[in-house]
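Along the sequence shown, residues carry numbers from 1. A quick note: this is a predicted structure, and the numbers were derived from the prediction, not measured.
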Amino acid sequence: TIVDNYKAYYTVVVDGERAEEVFTCINGVLCVEMTGKDPEYFSKEEGKYYRYYKDETTWVKKEIEQAEYLGIFNSNNIAPIFTLAEMTYMPKDGLDIYYCAEKNWYGARYTGTSIIFQNGQFVGFSCIQTIPFTEGEYMTVEMTAVFTFDNLGEIVLPNVA
């Protein structure tokens, strides 16, 4: 389970379109950076939850529901989806790789999932996720993520007027 203090580098391909994403989470503050977009920040401050985003040229601080904050904060947590017990262990090149060919979870189908550890520490995962929209319509998301837990720097929330 990943809870806090990490940086995750994603390569995401959605229906053939490629994007790079970086999630940095330090002490409950999350910065989400996506290719071609301004970063967004999510924080818990004095018992309330906030999203910081850029509206044209100005930074906006908006109070959000706890569920929205937790949804973003837990978006890198694959523990609820997979257990190592249901996966096949495949060591390779000093890595401990756990592989699951296919799993359905709340309507989404995950195929070719690999969860990767190095020296006992979680370092990444990859999978193809197929999400149904309507009858016969699907969105396919290919994800590859590399995680680091050292030298994270700091997150400075934007100044809001």
Side-chain angles (χ1 to χ4, degrees), residues 1-44 49-54 59 64 67-133 138-158:
T1 300
I2 303 166
V3 234
D4 207 350
N5 300 320
Y6 66 87
K7 188 173 273 196
Y9 299 89
Y10 281 85
T11 300
V12 180
V13 179
V14 179
D15 291 334
E17 295 217 14
R18 180 186 174 101
E20 304 292 326
E21 300 177 358
V22 179
F23 286 73
T24 305
C25 187
I26 301 173
N27 300 325
V29 177
L30 179 67
C31 175
V32 180
E33 300 169 274
M34 296 182 176
T35 304
K37 296 183 179 182
D38 289 314
E40 289 190 48
Y41 301 86
F42 299 85
S43 66
K44 179 180 178 184
Y49 300 90
Y50 296 96
R51 173 182 168 226
Y52 292 78
Y53 62 95
K54 206 166 194 179
W59 282 100
I64 59 174
E68 182 178 350
Y69 169 81
L70 292 176
I72 297 295
F73 191 77
N74 291 321
S75 63
N76 291 299
N77 187 357
I78 57 172
I81 303 171
F82 298 96
T83 64
L84 296 183
E86 67 188 343
M87 303 183 88
T88 303
Y89 176 64
M90 302 168 42
K92 182 180 177 182
D93 299 329
L95 300 174
D96 295 310
I97 301 171
Y98 291 83
Y99 179 78
C100 182
E102 183 173 338
K103 180 172 182 171
N104 290 311
W105 193 68
Y106 288 100
R109 189 178 87 194
Y110 292 81
T111 54
T113 301
S114 295
I115 299 174
I116 306 161
F117 294 85
Q118 186 173 38
N119 298 323
Q121 181 163 9
F122 174 77
V123 293
F125 74 92
S126 64
C127 70
I128 298 173
Q129 180 186 43
T130 305
I131 306 165
F133 282 129
Y138 299 89
M139 177 174 76
T140 301
V141 180
E142 299 174 43
M143 290 184 277
T144 303
V146 177
F147 283 72
T148 184
F149 302 90
D150 299 318
N151 303 317
L152 301 178
E154 64 179 312
I155 296 176
V156 177
L157 293 172

Rounded to the nearest 0.5 Å, what's the gap from [atom1] on [X] to [atom2] on [Y]? Could you check?
{"X": "Phe125", "Y": "Cys100", "atom1": "CZ", "atom2": "SG", "value": "13.5 Å"}
{"X": "Cys127", "Y": "Ile115", "atom1": "SG", "atom2": "CD1", "value": "9.0 Å"}
{"X": "Arg18", "Y": "Thr11", "atom1": "CZ", "atom2": "OG1", "value": "5.0 Å"}
{"X": "Ile72", "Y": "Cys25", "atom1": "CD1", "atom2": "SG", "value": "11.5 Å"}
{"X": "Gln118", "Y": "Leu95", "atom1": "CD", "atom2": "CG", "value": "5.0 Å"}
{"X": "Arg51", "Y": "Leu30", "atom1": "CZ", "atom2": "CG", "value": "12.0 Å"}

- Message: I'd like to know whether the aromatic ring centres of Phe82 and Tyr98 sit less than 6.0 Å apart in this structure.
- Response: no

Find out whether [X] and [Y] are in side-chain contact, i.e. whether some heavy atom of one side chain is under 4.5 Å from a heavy atom of the other.
{"X": "Tyr9", "Y": "Val22", "result": "yes"}
{"X": "Met34", "Y": "Val12", "result": "no"}
{"X": "Phe133", "Y": "Met139", "result": "yes"}
{"X": "Tyr50", "Y": "Leu157", "result": "no"}

- Do Tyr89 and Asp96 have a side chain donor and acceptor closer than 3.5 Å? yes

- Message: When you compare the side chains of Thr35 and Glu21, does any donor N or O come within less than 3.5 Å of an acceptor on the partner?
- Response: no

Minimal non-hydrogen separation, [X] against [Y], with atom names:
{"X": "Ile131", "Y": "Ala108", "result": "CG1-CB, 4.4 Å"}
{"X": "Thr130", "Y": "Pro132", "result": "O-CD, 3.9 Å"}
{"X": "Ile26", "Y": "Gly153", "result": "CD1-O, 3.5 Å"}
{"X": "Gly28", "Y": "Asp4", "result": "N-OD2, 2.9 Å"}
{"X": "Leu152", "Y": "Tyr6", "result": "CD1-N, 3.6 Å"}
{"X": "Val29", "Y": "Ser43", "result": "CG2-CB, 4.1 Å"}

- Item | Within 6.0 Å of NZ in Lys37, more than 12 heavy atoms from elsewhere | no

- For atom CE of Met90, decide whether the heavy atoms of other residues, nucleotides or ligands shown that lie under 6.0 angstrom number more than 12. no

- Identify, with sequence neighbours excluded, every residue that meets salt bridge (charged side-chain N to carboxylate O under 4.0 Å, His left out) alongside Glu86. Lys103

- Note on the structure: Here the ring pair (Phe, Tyr, Trp, His ring centres under 6.0 Å) pairs for residues 13-41, sequence neighbours left out, are Tyr10-Phe23, Tyr41-Trp59

- Parallel, tilted or perpendicular: rings of Phe117 and Phe122 (30°, 60°): perpendicular

- Residues passing the side-chain hydrogen bond (donor to acceptor under 3.5 Å, both in side chains) test with Tyr106, sequence neighbours excluded, are none

- Query: Short question: side chain of Asn104, backbone of Tyr110 - any donor-acceptor pair under 3.5 Å?
  - Reply: no

- Task: For the pair Asp15 (side chain) and Thr140 (backbone), establish whether a donor and an acceptor sit closer than 3.5 Å, ignoring hydrogens and angles.
- Result: yes

- I would like to know whether Asn5 and Asn27 meet side chain to side chain contact (heavy atoms under 4.5 Å, CB included); could you show each step before the answer? CA-CA 6 Å; Asn5 300 320; Asn27 300 325; 3.5 Å; yes

